[in-house]
Amino acid sequence: MAAPEAWRARSCWFCEVAAATTMEATSREAAPAKSSASGPSAPPALFELCGRAVSAHMGVLESGVWALPGPILQSILPLLNIYYLERIEETALKKGLSTQAIWRRLWDELMKTRPSSLESVTCWRAKFMEAFFSHVLRGTIDVSSDRRLCDQRFSPLLHSSRHVRQLTICNMLQGATELVAEPNRRVLETLASSLHTLKFRHLLFSDVAAQQSLRQLLHQLIHHGAVSQVSLYSWPVPESALFILILTMSAGFWQPGPGGPPCRLCGEASRGRAPSRDEGSLLLGSRRPRRDAAERCAAALMASRRKSEAKQTARAAPATRVTRRSTQESLIAGGTDPKRDLHPPATSYEAPGTNRPPSAPATTSSASASSSTSSSKRAPASAAPQPKPLKRFKRAAGKKGARTRQGSGAESEDLYDFVFIVAGEKEDGEEMEIGEVACGALDGSDPSCLGLPALEASQRFRSISTLELFTVPLSTEAALTLCHLLSSWVSLESLTLSYNGLGSNIFRLLDSLRALSGQAGCRLRALHLSDLFSPLPILELTRAIVRALPLLRVLSIRVDHPSQRDNPAVPGNAGPPTHIIGEEEIPENCLEQLEMGFPRGAQPAPLLCSVLKASGSLQQLSLDSATFASPQDFGLVLQTLKEYNLALKRLSFHDMNLADCQSEVLFLLQNLTLQEITFSFCRLFEKRPAQFLPEMVAAMKGNSTLKGLRLPGNRLGNAGLLALADVFSEDSSSSLCQLDISSNCIKPDGLLEFAKRLERWGRGAFGHLRLFQNWLDQDAVTAREAIRRLRATCHVVPRL
């Protein structure tokens, strides 16, 4: 009897609150009701008034509300603000109540965006709170504008931080400074345990303070946190220092910034050394902080490149675009000594620990500038060697919080931008020259020969396992830094490089991947590589990657345009290093999934077959835009799959002309090991459709292992759809359960006849039927009737 008495007591308490609230609300609403021209409106229900009062006084009544019976609690939940609604989630689940519909309604009303159709939302509470955190952090939502978001007892950032699994930082690193501020310490500590993915989108130039905040943020979230994936998107002109900072921190290297606070978690006592003029201060500018080991790689490479340029210009002909005088004047305007800049002393870029001799004092910039200016005036313009002009990029203006340039500091900051951004402009012959030296450093030689300090000088912490770079152009310096980090990044499991303009840097990448593969404990299992051009044909590049990474499980590679080596008529096509593309057989590998997107032009089938023969564990193969010289070459590939890839389950062809390969297609459909086949926009029925369709249906009726068939974009039409209906006839042994006939010019009457044939044969539900982008809108009534009949047999997408 104790339980009923307790319920009765809680109900009485609830009624008392309701009565008091009703009296208060009635008196409050009486005046507006009298003045209304249309008469008094219906007063709110007693229960609703009580719920509002409870929601407004949850700070006092929270424990009592949690103990209410389920039916009463279910009506109160929609009236709570997001903070108490989130806190009561566990109690609601114990009482058999769900808050998903409430969170979905909050999303629609407050976020006002529709999730992607490809996104499957499993928890609307987590999705809402994660988006709410990002909006509050960026200042794009006003919590005081809605009572459901405003509660003085809670911190919006702290309360929603534990639901954040993915955080995006955009533009001028907005939010980084706020997160590392002392008032948000608990927010950052919560993020360190909940955040898994960190994304950077559309980054612009940032100041020193923002980069220092980002350094602290990455140190806490990656080195002392749970972030396992870092992704960079759409950065057309990467800032070298910022890009290298993100890379080095992601790889687990850490050095505290100059003047920055010590890390409480790792117990550091030092605040970092002051900038030293002996370590590239001429390149970085007097107001720039000293870079850590990996970040000085770019400065060292820049100095070596300028050395080589100076040597080349000394021997060059005078017929060039700019004079030495203009170059010297621009350097003088930036506060740099032209002589020392063009011929830097070796001690300026030596590795840490190198002692500078006291007999080499640094001259003042004014003396150097005056001497160089006078010498340029004495030298005739026609006899002066003239370097190529270098462009300067301007910072994005008009952004709130962007730093202002005043006085002498502006020249040093301009020079910093000049030096690091101009590194992205490649001159003919220069890239390969630096690349050869860089590859030598990656092959195991001492990196200090380039002025590249050893990364072991920094402290090593936890690193991420997934790195993604989408549309981030990599200069020679950035590519070298990435490769230098990759060669020892044993915790990396997945690497995505998408449209980064690697060019000949691909050879450096292959060298670093080979070095990484030789490291004990290497975990790299997935590589996604795509670009507009490649110095290697795609099949040779695939062979080189598989040879360098024999333990790779997933490889996705795409090249949009053919390389110069694909065209032997182009003069001056130097071959790649011999250790990159060996003629020996590829050793057996662990590849399970291979996706290849080919450029235009016929591909040599023997090279593809050599990769397939070495991939005995292959389970999924996708070929996009592949072209072979003849149907016999395509048949050779299919025969190789049948003989050497016995574990293959899924096979996909996209944008391939298979109109002349009908016998090869029938050979595939008779393969009793494949479970899913895709022919997407392959022009299957362009020739001999009346003869080919019955042969195709007969092959499918005798295949009991094929579970899925996708035929989008093949102009199947009504006649072809009705022919496919025979696959589900009574005398068929087919076990097909997924059929995709999107973009096949199917009309409503043909779809209705297809549904009637399935009903006639009494075939049970066979799974999913996809009908996207067909001509069903010609007769909406017939299309709805056809889909209604089909729903008794399969799950139809889309639903009309």
Side-chain angles (χ1 to χ4, degrees), residues 537-540 542-543 546 555-557 585-586 588-589 591-599 601-689 691-714 727 734 736 740:
I538 183 172
L539 287 175
E540 293 186 8
T542 304
R543 286 168 51 92
V546 173
L555 175 59
S556 176
I557 182 170
E585 290 293 329
I586 304 176
E588 186 175 356
N589 57 73
L591 207 59
E592 297 178 356
Q593 179 178 342
L594 177 61
E595 300 177 0
M596 303 181 67
F598 295 86
Q603 303 298 326
L607 289 182
L608 178 58
C609 292
S610 65
V611 176
L612 298 177
K613 290 178 181 180
S615 306
S617 304
L618 194 64
Q619 300 179 13
Q620 182 173 342
L621 175 64
S622 176
L623 302 181
D624 187 351
S625 306
T627 304
F628 298 98
S630 63
Q632 289 74 22
D633 284 354
F634 183 57
L636 177 62
V637 173
L638 299 184
Q639 187 65 33
T640 303
L641 291 175
K642 182 179 180 180
E643 296 180 3
Y644 292 90
N645 305 105
L646 303 180
L648 189 65
K649 303 299 181 184
R650 295 179 176 86
L651 184 60
S652 175
F653 302 101
H654 174 73
D655 194 17
M656 295 174 57
N657 186 2
L658 301 182
D660 296 323
C661 303
Q662 294 179 350
S663 59
E664 287 75 14
V665 172
L666 295 177
F667 176 80
L668 274 179
L669 294 175
Q670 295 169 356
N671 191 323
L672 298 182
T673 61
L674 292 175
Q675 296 181 0
E676 183 179 305
I677 303 179
T678 299
F679 297 101
S680 175
F681 296 89
C682 290
R683 303 163 66 175
L684 282 182
F685 311 110
E686 187 174 286
K687 297 181 179 180
R688 301 176 55 249
Q691 294 79 17
F692 176 61
L693 271 170
E695 297 174 351
M696 179 178 174
V697 170
M700 294 175 60
K701 290 174 67 174
N703 191 332
S704 60
T705 59
L706 188 64
K707 306 295 182 181
L709 178 64
R710 290 177 167 83
L711 301 171
N714 286 283
V727 175
S734 171
L736 194 68
D740 187 353

*Not counting sequence neighbours, which residues clear salt bridge (charged side-chain N to carboxylate O under 4.0 Å, His left out) with Lys707? List them please.*
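Partners of Lys707 by the salt bridge (charged side-chain N to carboxylate O under 4.0 Å, His left out) criterion come out as none, since no residue qualifies.
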For [X], check side chain to side chain donor-acceptor pair (under 3.5 Å) against everything at least two apart and list the hits.
{"X": "Glu643", "answer": "Gln639"}
{"X": "Asn703", "answer": "Thr705"}
{"X": "Gln593", "answer": "Glu595"}
{"X": "Asn671", "answer": "Thr673"}

*asked:* Test side-chain contact (heavy atoms from CB on, under 4.5 Å) on Val611 and Leu539; report intermediate values, then the result.
replied: CA-CA 9 Å; Val611 176; Leu539 287 175; 5.6 Å; no
*Without swapping roles, check the side chain of Asn657 against the backbone of Thr627 for a donor-acceptor pair under 3.5 Å.*
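The answer is no, because no donor-acceptor pair under 3.5 Å joins these two groups.
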Measure the [atom1]-[atom2] distance between [X] and [Y] for me, rounded to the nearest 0.5 Å.
{"X": "Leu636", "Y": "Leu641", "atom1": "CG", "atom2": "CG", "value": "10.0 Å"}
{"X": "Ser617", "Y": "Leu591", "atom1": "OG", "atom2": "CG", "value": "8.5 Å"}
{"X": "Leu736", "Y": "Lys701", "atom1": "CG", "atom2": "NZ", "value": "13.5 Å"}
{"X": "Leu651", "Y": "Leu674", "atom1": "CG", "atom2": "CG", "value": "6.0 Å"}
{"X": "Leu607", "Y": "Leu612", "atom1": "CG", "atom2": "CG", "value": "11.0 Å"}
{"X": "Gln662", "Y": "Leu693", "atom1": "CD", "atom2": "CG", "value": "9.0 Å"}

Those residues that, when tested against [X], pass side chain to side chain contact (heavy atoms under 4.5 Å, CB included) (two or more places apart):
{"X": "Pro712", "answer": "Ser680, Arg710, Asp740, Ser742"}
{"X": "Phe681", "answer": "His654, Ser743"}
{"X": "Ala614", "answer": "Ile586, Asn589"}
{"X": "Glu695", "answer": "Leu666, Arg688, Phe692"}

*Give the C-alpha distance, both sets of side-chain angles, the deciding distance and a yes or no for side-chain contact (heavy atoms from CB on, under 4.5 Å) between Ile538 and Phe598.*
CA-CA 7 Å; Ile538 183 172; Phe598 295 86; 3.6 Å; yes
*Apply ring-ring contact (aromatic ring centres under 6.0 Å, His included) to Phe679 and list each qualifying residue two or more places apart in sequence or on a separate chain.*
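In terms of ring-ring contact (aromatic ring centres under 6.0 Å, His included), with neighbours along the sequence ignored, Phe679 is linked to Phe653.
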Could you tell me which non-hydrogen atom of [X] sits nearest to which non-hydrogen atom of [Y], and how far apart they are?
{"X": "Gln620", "Y": "Leu648", "answer": "N-CD1, 3.7 Å"}
{"X": "Arg683", "Y": "Asn714", "answer": "N-OD1, 3.1 Å"}
{"X": "Phe628", "Y": "Ala605", "answer": "CD2-CB, 4.2 Å"}
{"X": "Leu684", "Y": "Leu711", "answer": "CD1-CD2, 3.9 Å"}
{"X": "Phe685", "Y": "Pro689", "answer": "O-CB, 3.8 Å"}

*asked:* Are Leu618 and Tyr644 packed together at the side-chain level, in the sense that at least one heavy-atom pair is separated by less than 4.5 angstrom?
replied: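 Of all side-chain heavy-atom pairs linking Tyr644 with Leu618, none is under 4.5 Å.
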_salt bridge (charged side-chain N to carboxylate O under 4.0 Å, His left out) contacts in which one or both residues fall within residues 619-630, not counting sequence neighbours_ =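 Every pair satisfying salt bridge (charged side-chain N to carboxylate O under 4.0 Å, His left out) with a residue in residues 619-630: Arg558-Asp624.
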_Quick test of your reading: applying salt bridge (charged side-chain N to carboxylate O under 4.0 Å, His left out), list the pairs with at least one residue in residues 645-666, sequence neighbours left out, ordered by first then second residue._
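Residue pairs with at least one partner in residues 645-666: Arg650-Glu676, Asp660-Lys687.
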*Given Met696 and Val665, is the side-chain contact (heavy atoms from CB on, under 4.5 Å) satisfied, shown in steps?*
CA-CA 8 Å; Met696 179 178 174; Val665 172; 5.5 Å; no
_Evaluate Ser615 against Leu594 for side-chain contact (heavy atoms from CB on, under 4.5 Å), listing each step before the verdict._
CA-CA 9 Å; Ser615 306; Leu594 177 61; 5.7 Å; no
